[in-house]
Structures are given as C-alpha cells and as structure tokens.
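What follows is a short report on a single structure.
First the proteins, then the strands, lettered A, B, ... as listed; each starts at 1.
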There are 2 protein chains.
Amino acid sequence: MGSVTKLRAAPAARVKSAAVKVDKKDLPLGRILDGDCVEAMRSLPDNCIDLIFADPPYNLQLGGDLNRPDGSHVDAVTDHWDQFDSFGAYDRFTRAWLTEARRVLKPDGAIWVIGSYHNIFRVGALMQDLGFWILNDIVWRKTNPMPNFRGTRFTNAHETLIWASMGEKAKYHFNYRAMKTLNDELQMRSDWVLPICSGGERLKDDAGHKAHPTQKPEALLYRVLLATSEAGDVVLDPFFGTGTTGAVAKRLGREWIGCEREDAYRKVATARIAKELPLDESAITTMQSKRDAPRVAFGAVVEAGLLPPGTKLTDKQRRWIAEVRADGSIACGALTGSIHGVGKELQGAPSCNGWSFWHYEAADGLKPIDAARQTYLLAVED
Amino acid sequence: MGSVTKLRAAPAARVKSAAVKVDKKDLPLGRILDGDCVEAMRSLPDNCIDLIFADPPYNLQLGGDLNRPDGSHVDAVTDHWDQFDSFGAYDRFTRAWLTEARRVLKPDGAIWVIGSYHNIFRVGALMQDLGFWILNDIVWRKTNPMPNFRGTRFTNAHETLIWASMGEKAKYHFNYRAMKTLNDELQMRSDWVLPICSGGERLKDDAGHKAHPTQKPEALLYRVLLATSEAGDVVLDPFFGTGTTGAVAKRLGREWIGCEREDAYRKVATARIAKELPLDESAITTMQSKRDAPRVAFGAVVEAGLLPPGTKLTDKQRRWIAEVRADGSIACGALTGSIHGVGKELQGAPSCNGWSFWHYEAADGLKPIDAARQTYLLAVED
DNA sequence: GGATTTGGTGAATCAGCTG
DNA sequence: ACAGCTGATTCACCAAATC
C-alpha cells in the first residue's frame, strides 16, 4: 500500500508550553477524591483536564454545604432579612470552585454546569465574569417532571446546562457529526428531551431509599461526553455524587476523576463504576466530520490519474466548463486558479467549496469531484 | 450534593404608603412613551403597573459576516441599540431599567424578561439581587430556529423567559385554570413550543424589509398575558419595538403602556395597534372552575391564531352557534365549556367529539375545526 | 386549480492553518 | 498580529414561480 498522504499538519498542541504538559499517569485517574471539591481540585496540576461536568448544589440554607474560598465554613443564614448575605455566600462558593475548575482545565478544555432557575443565573453570570465563553445553553426538557401540586406556577419541567470554553478565542471540541448522527441526520438542537433518572437506573441504598436526591440520568451524561470529549480525554466531576459521570466516562472510554466529600456517595459510586464495562473501541468510534478527515489536495487526485489533466469539469447546471491542468489548478476561459477560487469568482460568491461545486462526466452521469476524492482516500488508506 | 431547597430572596419591597393609590386615568394608557426607557419610566408614578413584559437588547457579540452553506448572507442583528462595551456596561444598563421597573410595579405585580444565553444569566442574577423572586424560568422552544451553519455548536433553538414577582412573600397572579385549559387539561409546563414570528405576522417596512430584527410572535405574548394578567390590568413594555405587547394586550382587553426611543419602531407599532380589534368580552373571559374545563388542546389552536377568540363556530346543520374564547373554551348562549362538552350538552348526547362536530366558515366553505387542528399540528410538529 | 419546484430567511456570540 | 488560502456547512417555513 502506498503511504497515506496527510497534508494536514500535526494537531495543535493542547497546552501553550510543552514544559507544563502533564503526564496522565501522574493524575488520580479513576479515583474519587475525598473532601471539599475546592480542596480536592487544588491537589491537581494546572492545565490537566479536558472536560469538567459539574452538578453543584442549589442550596443556600443547609449548614455545611458552603465553604469560603479560604476553606472556612459559612454559617447557614436563618434570618434571611438580608438577601445579599445568602446570595453572596452562594456566589462566593460558586466563584471559588469555578476558579479552581478554570485552573485545572486545559486551554482547549470545556466545562458543563447544570442547574435550575434557583442558581443557574448566578452561575452563568459568574462564569462569564471569570472569562468562560458560553457556547450554548442547553435545556434538558424532562418527559416526566414532578407536577406543580398547588397549581401556583407552571410545571417546572426542565433544567438548564451551560457549556462553555475557556474564552472567546479558545478552541474547544465538538463532535458535530456524532451529534447529527445521534439525531437522525438533523443538527442536534439546544433542547434535549430526556426522561428523569428512575427505575432500575436509580440507585437505592440498603434500605431501598434513593441513594442520592438528584441523581442525573446516564443519557444526559452520555450526550455531553459524546458531544464534547474524545476517547482517552480526562473528565473531572467536582460534585461526583453517585458517579454518573464516572460510569458513563468509563463506558465511553474516557478517563475520569471525581470529587465527593460524602462517604456514602463515594461508596455507592465506587461500587457502581466497578460494575460498569467499557464499550468496545469500535463502538466508541464516532462519525467523523469532514473537517477532521485528512485533507487531500486536488493536485493529488490529478496526480493519481483519477481526474487527469485535460479533464473537463462543469457545475451541476452546466453553466460553466473548466479544464483540469497538470498542476492541480483549473482554467475556465481566462480565469485560472484553484477549484475553490475559480468557482468562487464565477459565482461572485463569498466562498465556494470546489469539491462539491465542480462535476465530471462519469460512466453513470455527472458526479461531484468529491467522489474522486473519496476514491482516492479509499485507495491510499492502509 | 445536598437536598434541593429554595434560595432565599429579599423580603418583598412593600408599598411605602397604601394611601397613594394611582388612578388609571392619570396614566398614559395606550401610548408609546418617547425616549430611553429609564427616563420614560421615571415619568410614571410608583406602584401603578400590574405586569411588565421586557425584551431588552441581548448584547450579542458577533464576529464577522456569516454566510449560509449556499453562500447567501445572514442578516444579523447589528443594530446600535444592541451594542455594549462590556459586561459591566450591560449590567449597569440592566440594573438601571430593572430598578425603575421595580419602582413602578404594584406590590402584587410581576415581570417577564426574555433573553438568550448572551444576557439572560446576567439579567436573572440582577433580578435576584434587586429582590425579585423568580417564579419560573420558561423555555421558548422554537419549531423553526435558524440552524448552526458552520456545524460548530448545537443549534440555538430556544430563548429563555424569566417570570418573577416582587419578592418571596409577594402576591402575584397566575391563571392556572386558563393555562391548564390551553394545554389539553394538563398543567402548562415551563417549556413552550412556538414558531418564530414570520409570514404575514412579520411586519415589513415600505421597502419590504423586516421592520424590526427581533419581532416576537404574538402567540408568546398571548400566553404570557393570559397566564399572568387580568382583563383591565395595566401592562408596561419598556422595550416596545413594533408593539407586539400592545397589540396582544389590546386584543385581550388589557391596558398597555410602551417605551420606545426609535421613531421608526414607534410609527410601525402605532399603525399596527390601531388596526388591532379588542376581542369580545365573553371571548376574553377565562375559565376559572374545573367543572367547565375543556379537555382538549383546542386552546393551542386558538392561541396560534388559527381560530382566534371571537370566531363563530356552528354545527354542520347550522343549528347552533358558539363563540371561541381566549382560553380555548367556547360559549353557546349561557352554556360554556370545552368544544366536546358544549356539543354534548346541546345535543343531549352521552358524548361528542367537538373536533368533528363544530365547524367554522373558511374561504372555501364550512369546515370542521379538526381541519384547523391538522394545520396546527403540521405547524408545530417536531 | 392544484401540485411541485425554487428561492428566501430567521436574536448567531459560527474555521483553521500557513506564512 | 494579520492576511490569505482551503474548504466545511443548514432546518423549517413561507412565498412566489412554474408545471
């Protein structure tokens, strides 16, 4: 077999300085770190995490839930005549863990946070303040929400997730093709219809009570991880709970790290993830977008004899005819250049994908030259 | 993660003096106030408004031009009124208008704000900071959103509305029964599926271009006003635009006041509202008792404008005539209820399928209202 | 006249690599 | 930092034109 001609450059370095590149072996992969999530994250190096999924508490009132950035405990506010103390405490807590999350994330990492109207607006605003760049807000539309028993409001039938990159110009990962495939060949939308976690998936303690009050459905994590991480990526969940993130990460071939300070949850999560089996590698492999495929120069297709010099190309409506030249450029009258540039000029368009614009006469009719590229790719693939 | 408990909010800001009751006649009802909304609201007395609907600038931060895959150009929102220098500037703007909105609202008044992920988190957090008590966040799921042309993110297919009262202990108005009626006898949920504003509803200028870049669908305002205001209430819209709020308020028998600083928008809105006809009082009357409740999604067909309130229905033999009301119930003389229930009573039958029993006058003759339902289903199916 | 095709468009934070 | 080149990428609905 011939060697694969990959015109694509090496993938961009994921961290700015190779000197601070962290060896995955030095990370506590597949472990649940004990204790407060801010403290736990402090034990991790900078720029080592590919993706964070966070399901923080909504609660301002429960004693012991909140700690200040310095680790000291925030007293529960029982006299709530001053709202700013309550919201302020929640904001300090949120800012503390988001700051630490930002430190451990790689420059091309991303973060997901889920919440309800009680907390998500504060979380979202703080994320923006800290420099995170919101990519989408996602609505998890519950098929089976709890009704509003008193008939006083609309049924609260959804929760909101925020997906953000490290900054306005930061890179991030989005498996567009995998999401489109998952959604019956339509773009995946920002509203996801999924049932709440119940039935056999809902973990129970020895007494038969639910092990955790807010266990998230695995389908939700499945979609999050499939959409925005790659196999082998390191996924961190600072509020690990019963370990839904870890279980789905293991299944999908992602590495994971959790933070959880409740012994009971850690125990349940550990047992749960131990039972989880990783999927076969071929099952994890997702549809690639063309953007991720190796780039092929038109000249290579010409060189390989698939569209030899002198071949006549035309557009679908046969408005123009161009001729392939030996160097992989094409000529249409006096106009010469790349397949893209000539197509663009002829149409007066802002841009043009020459692979789909130009066609050639095949035995079974007019075909886009992209077909020749596909043939070429199959031929050179090992 | 702890158990889910509500965040605490500020005590409701109470009216300083109950003696200062405002006479509606002293308010600029049915008028669009010229100028900046903060200045305009300053001309209103304290505690005079029942409901505010606000569609503030979203502070979109767009990059360069965007083209569709077919090369056509996307007409983006680049208007000067949507430009802010920073999050800080946007926050100051938001705090200013929300503060004034809070002053003019009655103690049992409420506010709706619509936004996208660009601004809604900041708006929601500031609302909480100012003492507003969030009652629901509502997701407007668009049936026909603009796709993500570059395949870089999830299709941004929804916008978010926040509904809030004046404070944790404040009273507010919610027409639970009307919403349940509108939703086929199921509690109305926090996710609303509605198409974007297009077609004949979309206002155009003399040159045929859209009169406003972000005109909201009337069905959205219809649901907001029907759910959280009463006939005769005073509704204020600080960002009036082309006056969707005013048009629907007039139709539903609510008083309205707008603020708008752009001459062109004021002009379009004035002409639009002048053409709007108030519905008959009986059509506006909403169902308050379960006994009279229809059990159908007929309300959604009404809301969509396919069979607007006031429409006359008759049976095939034209023996009876009934009138459609705003919440999807119908009235035939003193008899009111669902399309099924009223039809059943009139015929003295054990049951009646209202969809086939009732007819409306279409351009091409008498048609069963099921035809309108089919049209509706085609429109909203996703 | 009805069915089909074609074209237009909507609140959008919409590319990545090389030189 | 910036310019230039390559080439990847769209869904639902409406309206007008065409068959």
Item checked: Between CD1 on residue I138(A) and CG on residue N156(B), distance to nearest 0.5 Å -> 8.5 Å

Check: Hey, does C352(A) reach any base, or is it just sugar-phosphate, or nothing, if we go heavy atoms under 4.0 Å?
Finding: base

Notebook entry, point to check: Do the side-chain N or O atoms of R153(B) get closer than 4.0 angstrom to the phosphate oxygens (OP1, OP2) of dA15(C)?
Noted result: no

Note to self: Nearest 0.5 Å, please: how far is CD in E260(B) from NE2 in H212(B)?
What the structure shows: 6.0 Å

Check: Any side-chain N or O of R150(B) under 4.0 Å from OP1/OP2 of dA8(D)?
Finding: no

Notebook entry, point to check: Can the ring centroids of W97(B) and F239(B) be said to lie less than 6.0 angstrom from one another?
Noted result: yes

Next item on the list: Please confirm whether F84(B) and F93(B) have ring centers closer than 6.0 angstrom.
Entry: yes

Check: Where each residue is assigned the nucleotide of DNA chain C containing its nearest heavy atom, which of P147(B) and P57(B) is assigned the position nearer the 5′ end?
Finding: P57(B)

Next item on the list: Have a look at E168(A) and say if it touches a base, only the backbone sugar-phosphate, or nothing, with a 4.0 Å heavy-atom cut-off.
Entry: nothing

Next item on the list: For R373(A), answer base if it contacts any base atom (sugar-phosphate contacts may also be present), sugar-phosphate if it contacts only those atoms, and nothing otherwise; contact means non-hydrogen atoms under 4.0 Å.
Entry: sugar-phosphate

Notebook entry, point to check: Does a side-chain N or O from K142(B) land closer than 4.0 Å to OP1 or OP2 of dA12(C), or not?
Noted result: no

Check: Of the nucleotides dA8(D), dC17(C), dG10(C), which has the atom closest to the N353(A) side chain?
Finding: dA8(D)

Note to self: For the aromatic rings, using the six-membered ring if either is Trp, is the centroid distance between W163(B) and W112(B) under 6.0 Å?
What the structure shows: yes

Margin query: Categorize S351(A) for me: base, sugar-phosphate, or nothing, with a 4.0 angstrom heavy-atom threshold over every strand shown.
Written below: base

Next item on the list: Taking side chain to side chain contact (heavy atoms under 4.5 Å, CB included) as the test, write out the residues that go with Q61(B), two or more places apart.
Entry: W133(A), N59(B), F87(B)

Margin query: Counting only side-chain nitrogens and oxygens, does Y172(A) get under 4.0 Å of the OP1 or OP2 atom of dG16(C)?
Written below: no

Notebook entry, point to check: With respect to H158(A), which candidate in D191(B), T160(B), D137(B) satisfies the side chain to side chain donor-acceptor pair (under 3.5 Å) definition?
Noted result: D137(B)

Check: Think S116(B) has a side-chain N or O under 4.0 angstrom from the OP1 or OP2 of dA11(C)?
Finding: no

Note to self: Check this one for me: any side-chain N or O of K344(A) less than 4.0 Å away from OP1 or OP2 of dG7(D)?
What the structure shows: no

Item checked: H340(A) vs dG7(D): side-chain N/O to OP1/OP2 distance below 4.0 Å -> yes

Checklist line | For DNA chain C, stems built from three or more consecutive Watson-Crick or G-U wobble pairs below 3.5 Å | finding: C:2-10 with D:11-19, C:15-19 with D:2-6

Sub-3.5 Å pairs of nitrogen or oxygen atoms, protein against nucleotides 5-9 of chain C:
none

Checklist line | Atom C1', compared across dT10(D) and dG10(C): separation rounded to whole Å | finding: 12 Å

Notebook entry, point to check: Which listed nucleotide (dA12(C), dA11(C), dT9(D)) is nearest to the side chain of Y58(B)?
Noted result: dA11(C)

Checklist line | Side chain of S338(A) - closest among dT6(D), dA12(C), dA8(D) | finding: dT6(D)

